[in-house]
Amino acid sequence: MPELPEVEVLARHLRPLLRDKTIRAVEVRRAKVLRPTLLRELKKVLVGARFTGLSRRGKYLLFELRSPTAGKPVMLLGHLGMTGRMFVTPKSVSLPKHAAVIFDLGRQNFIYEDTRYFGRITLDISAVLKLGPEPLSDDFQPAAFARALKRSRQAIKVKLLDQSLLAGVGNIYASEALFLAGISPKRPANQLTLVQVKKLRRSVREILTKAVAGGSTVPLNFIGGRSDGLFYFGRAPDTPDYYVERLRVYDRAGKPCIHCHRPIKRIIQAARSTFYCPHCQI
DNA sequence: CACCATGTTCCTTG
DNA sequence: CCAAGGAACATGGT
């Protein structure tokens, strides 16, 4: 379910549910999601520890815990990969098929579930140290962004997915931001003018901000079988439909562009699908 | 059977 | 050394 907005909504959802809860036990059903942390180490550090904070960085969740024995806080890093989910449930609720890690919180379980097991829950936080600026913070400055883009001939769409350049944009919102900015995903990064770079920066921020706002109003069901689809929908209070699509180009190949009504095109870049309007994006 | 999927990392090639 | 492209990881949906 993960790009920055989904992870942000998840962090807001989990924060009050985990605060001050103590981990009584940890059950790991898929040890590969701990990589490179070992099961022994994870249990030693986390059993008896209490959740004291939760933050998001890019697509990562950072859990802060304190244990009675250790003085300084422990950081636990979570990433959802392509299909990961996290939720808190009463123990009476049965575990999903692909539950990878189950934290026993007493009356409740905190579950990390991941169909494809591409995600991680680990004590190794080195990945966050390599991330670029947060797109929605003041650290995301146009000058530095422009400088970084000037150093590469790679297509701008591919650069948007580079987490060391900017943290949190994924395949869906990269297409969405370029559509809003009117910039072709194929344009070499070093060909963007400063005006285009600034426009793209604004578009990225607008797309992500609206996605977070939309996702936050959806009555999320983290227990149900298919909650991830909800993240790309927003509640439309005045519409007869309960949900309204908010994506403008992604997954719309062959359908009419919402601006010029010409067909949206799908191409492959860096082995990922890109959707764009060849007429509106130059 | 074919192809597709919200991500990251590793390997190869130039 | 770097940039760029592709495969691998694993499971499920259409």
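Just so we're on the same page: letters track the sequence lines, and every chain starts at 1.
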Q: Could you say whether A/Arg153 or A/Tyr117 is positioned toward the 5' end of DNA chain C, judged by the nucleotide with the nearest heavy atom to each?
A: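 The residue whose closest nucleotide sits nearer the 5' end is A/Arg153.
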Q: A/His279 and side-chain hydrogen bond (donor to acceptor under 3.5 Å, both in side chains): which partner among A/His259, A/His261, A/Arg262?
A: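 Going through A/His259, A/His261, A/Arg262 one by one, the side-chain hydrogen bond (donor to acceptor under 3.5 Å, both in side chains) with A/His279 is satisfied by A/Arg262 alone.
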Q: Can you tell me how far the NE2 atom of A/His79 sits from the OH atom of A/Tyr112, to the nearest 0.5 Å?
A: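 Output value for this atom pair is 9.5 Å.
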Q: How many whole angstroms separate atom CD of A/Glu113 from atom P of C/dT11?
A: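 In whole Å, C/dT11 P and A/Glu113 CD are 13 Å from each other.
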Q: Got a list of protein N/O to nucleotides 6-9 of chain C N/O distances below 3.5 Å?
A:
none

Q: Using a heavy-atom cut-off of 4.0 Å across all strands, would you classify A/Arg266 as base, sugar-phosphate, or nothing?
A: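 If one applies the 4.0 Å heavy-atom cut-off, A/Arg266 turns out to touch the sugar-phosphate alone, with no base involved.
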Q: Which whole number of Å gives the distance between the C1' atom of B/dC1 and that of C/dC9?
A: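 It works out to 22 Å between them.
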Q: Would you say that more than 12 heavy atoms from the other residues, nucleotides or ligands in this model lie under 6.0 Å from the CG of A/Leu95, or not?
A: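 Yes - once you tally the heavy atoms of other residues, nucleotides and ligands closer than 6.0 Å, there are more than 12.
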Q: Roughly, in whole Å, what's the span from CD in A/Glu6 to C1' in B/dG7?
A: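 In whole Å, B/dG7 C1' lies 13 Å from A/Glu6 CD.
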Q: Between B/dT8 and C/dG12, how far apart are the P atoms? Round to whole Å, please.
A: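 These two P atoms come out 22 Å apart once rounded.
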Q: Hey, does A/Ile207 have a side-chain heavy atom less than 4.5 Å from the side chain of A/Phe179?
A: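 They are not in contact (no side-chain heavy atoms under 4.5 Å apart), so the answer is no.
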Q: Can you name the closest pair of heavy atoms from A/Gln191 and A/Arg187 and give their distance?
A: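 Shortest heavy-atom contact: OE1-NH1, 2.8 Å.
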Q: So if I take residues 119-137 of chain A and measure heavy-atom distances to DNA chain B, which residues fall below 4.0 Å?
A: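 When residues 119-137 of chain A is checked for heavy atoms under 4.0 Å from DNA chain B, there are no hits whatsoever.
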Q: Can you name the closest pair of heavy atoms from A/Asn190 and A/Lys150 and give their distance?
A: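 It is O-NZ, 3.0 Å.
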Q: Report which part of the nucleic acid A/Arg30 touches: base, sugar-phosphate, or nothing (heavy-atom distance under 4.0 Å, all strands).
A: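 Result for A/Arg30 = sugar-phosphate.
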Q: Is there a side-chain polar atom (N or O) of A/Ser152 under 4.0 Å from OP1 or OP2 of C/dA4?
A: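 So the side chain of A/Ser152 is within the cut-off, an N or O lying under 4.0 Å from OP1 or OP2 of C/dA4.
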Q: Could you summarise the pairing of DNA chain C as dot-bracket text, marking Watson-Crick and G-U pairs under 3.5 Å with ( ) or [ ] inside the strand and | across strands?
A: .||||||||.||||
Q: Answer yes or no: does a side-chain N or O of A/Tyr173 lie under 4.0 Å from OP1 or OP2 of B/dT6?
A: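 No, outside the criterion.
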Q: Between A/Leu131 and A/Ala167, which heavy-atom pair has the shortest distance, and what is it?
A: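 Nearest heavy atoms, A/Leu131 then A/Ala167: CB-CB, 3.9 Å.
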Q: Do the ring planes of A/Phe51 and A/Phe103 sit parallel (below 30°), tilted (30 to 60°) or perpendicular (above 60°)?
A: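 Correct class here is perpendicular.
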Q: Mind checking the P distance from B/dC11 to C/dA10? Whole angstroms is fine.
A: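 My reading of the P atoms in B/dC11 and C/dA10 gives 15 Å.
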Q: Atom CG of A/Leu161 and atom P of B/dT9: how far apart are they, to the nearest Å?
A: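 Taking CG of A/Leu161 and P of B/dT9, I get 14 Å after rounding.
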Q: Would you please confirm or rule out a distance under 4.0 Å between OP1 or OP2 of C/dA3 and any side-chain N or O of A/Gln154?
A: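 No, outside the criterion.
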Q: Taking only Lys NZ, Arg NE, NH1 and NH2, and the carboxylate oxygens of Asp or Glu, determine whether A/Arg246 and A/Glu176 approach each other closer than 4.0 Å.
A: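 Not counted as a salt bridge, because no side-chain N and carboxylate O are separated by less than 4.0 Å.
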Q: Sort out for me which residue in A/Ile23, A/Asp124, A/Leu54, A/Leu42 forms a side-chain contact (heavy atoms from CB on, under 4.5 Å) with A/Leu76.
A: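 Exactly one candidate clears the test, A/Leu42.
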Q: Under 3.5 Å between N/O atoms: give me all the protein pairs with nucleotides 12-14 of chain C, atom names plus distance.
A:
{"from": "C/dG12", "atom 1": "OP1", "to": "A/Lys97", "atom 2": "NZ", "distance (Å)": "2.9"}
{"from": "C/dG12", "atom 1": "OP1", "to": "A/His98", "atom 2": "NE2", "distance (Å)": "2.7"}

Q: Can you tell me if A/Thr52 uses its side chain to pair, donor with acceptor, with the backbone of A/Glu64 under 3.5 Å?
A: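 Flag set: sc A/Thr52 to bb A/Glu64 pair under 3.5 Å.
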Q: What is the distance from CG of A/Leu77 to C1' of B/dG7, rounded to the nearest Å?
A: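 Rounded to the whole Å, the gap is 14 Å.
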Q: Would you say A/Lys59 reaches B/dT6's phosphate, i.e. side-chain N/O to OP1/OP2 under 4.0 Å?
A: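 So the side chain of A/Lys59 is outside the cut-off, no N or O lying under 4.0 Å from OP1 or OP2 of B/dT6.
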Q: Please name the pair of heavy atoms, one in A/Ala181 and one in A/Leu200, separated by the smallest distance, quoted to 0.1 Å.
A: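 Shortest heavy-atom contact: CB-CA, 4.0 Å.
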Q: Determine: side-chain N/O of A/Arg272 to OP1/OP2 of B/dT6, distance under 4.0 Å, yes or no.
A: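 For A/Arg272, the contact criterion (side-chain N or O under 4.0 Å from OP1 or OP2 of B/dT6) is met.
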Q: Without decimals, in angstroms, what is the distance between A/Asp251 CG and B/dA5 C1'?
A: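 One finds 9 Å between C1' of B/dA5 and CG of A/Asp251, rounded.
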Q: Please report the distance separating the C1' of B/dT6 from the corresponding atom of C/dA4, rounded so that it comes out in whole Å.
A: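 Taking atom C1' in both B/dT6 and C/dA4, they lie 23 Å apart.
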Q: Do you know the tightest heavy-atom contact between A/Ala11 and A/Leu61?
A: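 Minimum heavy-atom contact is CB-CD2, 3.6 Å.
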Q: Please check if A/Val28 and A/Phe63 belong to a single hydrophobic cluster, counting links between Ile, Leu, Val, Met, Phe, Trp and Tyr side chain heavy atoms closer than 4.5 Å.
A: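 Shared cluster, yes.
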Q: Without swapping roles, check the side chain of A/Thr37 against the backbone of A/Leu123 for a donor-acceptor pair under 3.5 Å.
A: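 Between the backbone of A/Leu123 and the side chain of A/Thr37 there is a qualifying donor-acceptor contact (under 3.5 Å).
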Q: By the ring-ring contact (aromatic ring centres under 6.0 Å, His included) test, which pairs, at least two apart or in different chains, include something from residues 126-164 of chain A?
A: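 Only A/Phe140-A/Phe145 qualify under ring-ring contact (aromatic ring centres under 6.0 Å, His included).
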Q: Can you check the A/Leu61 CG to B/dG7 P distance for me, whole Å?
A: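 In whole Å, B/dG7 P lies 14 Å from A/Leu61 CG.
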Q: Mapping A/Ile268 and A/Tyr60 onto DNA chain B by nearest heavy atom, which one lands closer to the 5' end?
A: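 Here A/Ile268 is the residue nearer the 5' end.
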Q: Could you state the interatomic distance from CZ (A/Arg248) to CD1 (A/Ile258), rounded to the nearest 0.5 Å?
A: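 One finds 5.0 Å between CZ of A/Arg248 and CD1 of A/Ile258.
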Q: By a strict heavy-atom criterion of less than 4.0 Å, which residues belonging to residues 176-191 of chain A are in contact with DNA chain C?
A: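 Hits under 4.0 Å, by residue number: none.
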Q: For A/Asp138, I'd like to know if atom CG has over 12 heavy atoms of other residues, nucleotides or ligands within 6.0 Å.
A: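 No.
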Q: Using the P atoms only, state how far C/dG6 lies from B/dC4, rounded to an integer number of Å.
A: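 It works out to 14 Å between them.
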Q: Give the rounded distance in Å between these two atoms: NZ of A/Lys159 and P of C/dC2.
A: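 Atom-to-atom, A/Lys159 to C/dC2, this comes out as 13 Å.
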Q: Please report, rounded to the nearest Å, how far the P atom of B/dT8 is from the CG atom of A/Leu165.
A: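 In whole Å, B/dT8 P lies 14 Å from A/Leu165 CG.
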